[in-house]
Colleague: 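Structure below; questions to follow.
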Amino acid sequence: AQSVTQLDSQVPVFEEAPVELRCNYSSSVSVYLFWYVQYPNQGLQLLLKYLSGSTLVKGINGFEAEFNKSQTSFHLRKPSVHISDTAEYFCAVSDRGGGFKTIFGAGTRLFVKA
Amino acid sequence: DTEVTQTPKHLVMGMTNKKSLKCEQHMGHRAMYWYKQKAKKPPELMFVYSYEKLSINESVPSRFSPECPNSSLLNLHLHALQPEDSALYLCASSQLGKEETQYFGPGTRLLVL
């Protein structure tokens with residue numbers, strides 16, 4: 001079984017400051033890792049994903065994440081945030097062996113202040 | 001076209017009503033999903049269709065009835081819902097063989113009175 005822990009339920013940050021949203025996972029099998037963003041009253045949008053290869057993954061809107069197998073982490077970072085980045089961010093995992101199930105973390109609310 | 005569309009955007013229904021949610025994609029994806037998302041919670045998987053056949057039913061109550069009439073369309077029929085069923089219902093699709101990458105629609109926000 002897999003699980004995902006997002007260590008912060010809310011992260012307030014000032015505009016143009018850097019931000020890191022933390023995600024740890026637990027799994028007995030190899031996994032794929034994802035970050036999704038959900039803006040208010042909208043569906044989920046895929047920010048980035050780690051399937052294989054380089055452990056540093058770049059996504060849309062200037063976000064990047066680093067896969068750390070030894071620490072079972074997949075933290076999301078952005079060097080300079082904008083007001084428009086205010087949203088809910090979900091970390092997620094799915095089994096590399098296939099199957100339809102994606103397990104989501106509880107979410108982190110990023111609130112960017114002017 | 002990488003879009004999943006859902007209608008309606010909002011729906012208010014009484015506990016005795018029958019309504020349907022619709023989802024459409026034209027990406028050629030043969031896997032389609034329904035998720036339920038309560039406020040301030042992550043999405044929870046309800047159903048998965050693969051090649052228009054039901055593959056996964058996550059023990060969802062029978063008042064929710066999914067239907068996949070063709071490879072582009074996915075419906076969720078609702079009957080005798082409870083107020084606790086009020087939520088955002090998200091549809092997603094993926095390629096078979098690449099199920100890990102799902103494309104989500106904007107959702108239907110349902111309120112049951």
Colleague: When you group the ILVMFWY residues by side-chain heavy-atom contacts below 4.5 Å and let the links chain together, are Y25(A) and F63(A) in the same group?
Modeller: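 Yes: a chain of side-chain contacts under 4.5 Å links F63(A) to Y25(A).
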Colleague: Quick check on the interface: out of R109(B), Q37(B), E44(B), who has the most heavy-atom pairs with chain A under 4.5 Å?
Modeller: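 The residue among R109(B), Q37(B), E44(B) with the greatest pair count is Q37(B).
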Colleague: Could you tell me which non-hydrogen atom of P42(B) sits nearest to which non-hydrogen atom of F90(A), and how far apart they are?
Modeller: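 Reported closest heavy-atom pair: CA-CE2, 3.5 Å.
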Colleague: Is it the backbone or the side chain of L46(A) that comes under 4.5 Å from a heavy atom of chain B, or both, or neither?
Modeller: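 For L46(A), the contact with chain B is made by the side chain alone.
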Colleague: Hydrophobic cluster membership, with links at side-chain heavy-atom distances under 4.5 Å among I/L/V/M/F/W/Y: are L44(A) and V93(A) in one?
Modeller: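 No: no chain of side-chain contacts under 4.5 Å links L44(A) to V93(A).
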Colleague: State yes or no: do I60(A) and F74(A) share one hydrophobic cluster built from I, L, V, M, F, W and Y residues joined by side-chain heavy-atom distances below 4.5 Å, directly or via other members?
Modeller: yes
Colleague: If hydrophobic clusters are built from ILVMFWY residues whose side chains come within less than 4.5 Å, do L48(A) and V37(A) share one?
Modeller: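 In one cluster with L48(A): V37(A), yes.
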Colleague: For residues 71-92 of chain B, give me every residue with a non-hydrogen atom less than 4.5 Å from any non-hydrogen atom of chain A.
Modeller: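 Residues in range: L88(B), L90(B).
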Colleague: Which heavy atom in Y35(B) sits nearest to a heavy atom in T102(A), and how many Å separate them?
Modeller: OH-CB, 4.2 Å
Colleague: Among S9(A), S94(A), A92(A), A106(A), single out the residue with the greatest number of heavy-atom pairs under 4.5 Å to chain B.
Modeller: A106(A)
Colleague: Is it true that atom NZ of K98(B) has more than 12 heavy atoms of other residues, nucleotides or ligands lying nearer than 6.0 Å?
Modeller: no
Colleague: Which of residues 5-22 of chain B get closer than 4.5 angstrom to chain A, counting heavy atoms alone?
Modeller: none
Colleague: Is chain B contacted by the side chain of Q38(A), its backbone, both, or neither, given a heavy-atom distance below 4.5 Å?
Modeller: side chain
Colleague: Using heavy-atom distances under 4.5 Å, tell me whether S94(B) contacts chain A through its side chain, its backbone, both, or neither.
Modeller: neither
Colleague: Roughly how far, to the nearest 0.5 Å, is the NZ atom of K41(B) from the CD atom of E88(A)?
Modeller: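 NZ of K41(B) is found 11.0 Å from CD of E88(A).
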Colleague: Under a 4.5 Å side-chain heavy-atom rule over Ile, Leu, Val, Met, Phe, Trp and Tyr, are V19(A) and L56(A) clustered together?
Modeller: no
Colleague: Let me know if L51(A) has heavy atoms under 4.5 Å from chain B in its side chain, its backbone, both or neither.
Modeller: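 Contact with chain B is through the side chain of L51(A) alone.
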Colleague: Could you grab the distance from atom CD1 of I56(B) to atom NZ of K101(A), nearest 0.5 Å is fine?
Modeller: 5.5 Å
Colleague: Measure distances from Y39(A) to the heavy atoms of chain B and classify the residue's part below 4.5 Å as side chain, backbone, both or neither.
Modeller: neither
